[in-house]
Amino acid sequence: MQLSLTSWSLRACSLQEAAGIARALGIGALDLGYFYGPALDKAALLADPDGMAETVRALGIHVPSFYHLFGDSLSDRNLADPRHRDRNIADFRKAVQFCARAGIDTIFILPGVCNPGQGRAQALAESARSLNALVPIAHDAGVVPTIEPHVHSFLETPALVEELLGRVQGLRLTLDYAHFVCLGYRQEEIDPLAGHAAHVHLRQARPGALQAKGYEGTINIEAQLATLRDAGFKGHLALEYVHQDYMATLYDDVLTETIRMRDQVRGWLA
């Protein structure tokens with residue numbers, strides 16, 4: 001297991017500065033997406049995936065994961081809305097081409113939300129249809145396709161995650177325990193998902209709070225790391241403290257908490 005840093009943690013930095021900070025912290029890997037100062041230009045990427053891959057390679061830092069968002073929000077063009085399936089497939093081909101050329105191991109997308117007229121069962125069925133079209137595209141390019149179960153998606157329980165994975169062969173997880181802990185799930189209820197993880201996001205959380213300072217969170221990080229190891233996980237652990245107007249994640253010193261989590265993980269790995 002190795003560490004990486006999410007570029008969207010450093011929202012006031014440029015892409016080059018985010019890469020420099022990851023190197024300065026001794027992390028040496030940086031997850032990328034379309035967000036804040038270090039954002040990749042989505043329109044430019046979709047227009048010229050190979051050109052964007054060259055830009056990323058020029059950073060001189062390993063990129064283990066790329067976060068592709070189809071629309072402009074969690075709900076816009078989400079995978080549980082069949083109206084956008086063809087357009088999403090076309091964009092995903094370009095995003096996967098970019099990952100393959102840039103040497104990015106995994107791509108992660110969101111599962112979707114409960115759209116008008118849908119409950120969880122209907123949203124899951126439509127998302128599975130979308131994912132069954134998308135997953136082979138990634139596999140054919142040698143990129144691992146993942147989803148991240150998250151608060152406000154239809155996929156807010158470990159049982160539903162298992163059900164979706166059972167319907168989509170070859171789909172893996174970008175696993176963030178915080179999204180389940182926030183909703184009140186015990187750590188032992190989340191642990192069975194570790195065997196499906198291809199990438200992991202790390203931060204502290206507690207019931208009712210998606211993000212918490214290290215000394216206020218309830219996740220047993222050492223136990224989580226052992227669970228991942230015992231499940232055979234050999235991917236990257238991305239440090240994902242953020243400053244966002246999403247789920248009140250505005251009140252932590254991102255750099256301090258990132259360094260604390262880095263040191264906690266290093267101490268256990270040592």
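Remember, predicted model here, so these are calculated numbers, not experimental data. Positions are given from 1, in the same order as the sequence printed here.
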*Evaluation steps, side-chain contact (heavy atoms from CB on, under 4.5 Å), between Q204 and R260*: CA-CA 11 Å; Q204 268 295 357; R260 284 175 175 167; over 6 Å; no
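- Using a 3.5 Å distance cut-off with no hydrogens or angles, the side chains of E222 and Q264 do pair a donor with an acceptor.
- More than 12 heavy atoms of other residues, nucleotides or ligands sit less than 6.0 Å from atom CD of E162.
- Summarising the local packing, CZ of R93 is surrounded by 12 or fewer heavy atoms from other residues, nucleotides or ligands at distances under 6.0 Å.
- Side-chain contact between L160 and L164 is absent, with no heavy atoms from C-beta onward closer than 4.5 Å.
- Within the 4.5 Å cutoff, the side chain of P149 has heavy atoms near those of the L173 side chain.
- Tested against L239 for a side chain to side chain contact (heavy atoms under 4.5 Å, CB included), the candidates V254, I27, T6 yield a single pass: I27.
- Annotation: side chain of L25 is not in contact with side chain of L3 (no heavy-atom distance under 4.5 Å).
- For the pair D31 and W8, the minimum side-chain heavy-atom distance is below 4.5 Å.
- The only option from L45, L15, I61 that meets the side chain to side chain contact (heavy atoms under 4.5 Å, CB included) definition with L32 turns out to be L15.
- Counting heavy atoms from C-beta outward, P207 and V181 have side chains that approach closer than 4.5 Å.
- The side chain to side chain contact (heavy atoms under 4.5 Å, CB included) test with V113 is passed by exactly one of N78, L79, D76: N78.
- No option in H201, H68, H199 other than H201 meets the ring-ring contact (aromatic ring centres under 6.0 Å, His included) test with F108.
- Cluster membership check: I221 shares its hydrophobic cluster with L175, using side-chain heavy-atom separations under 4.5 Å among Ile, Leu, Val, Met, Phe, Trp and Tyr.
- V161 has its side chain out of reach of H196: every pair of non-hydrogen atoms, C-beta onward, lies at least 4.5 Å apart.
- Within 6.0 Å of atom CZ in R87, 12 or fewer heavy atoms from other residues, nucleotides or ligands are found, so the atom counts as exposed in its surroundings.
- By the 4.5 Å heavy-atom criterion applied to side chains, R203 and V242 are counted as neighbours.
- Put simply, the side chain of E126 does not reach to within 4.5 Å of the side chain of F154, judged on heavy atoms.
- The side chain to side chain contact (heavy atoms under 4.5 Å, CB included) test with P111 singles out one residue from I147, L131, L124, and that residue is I147.
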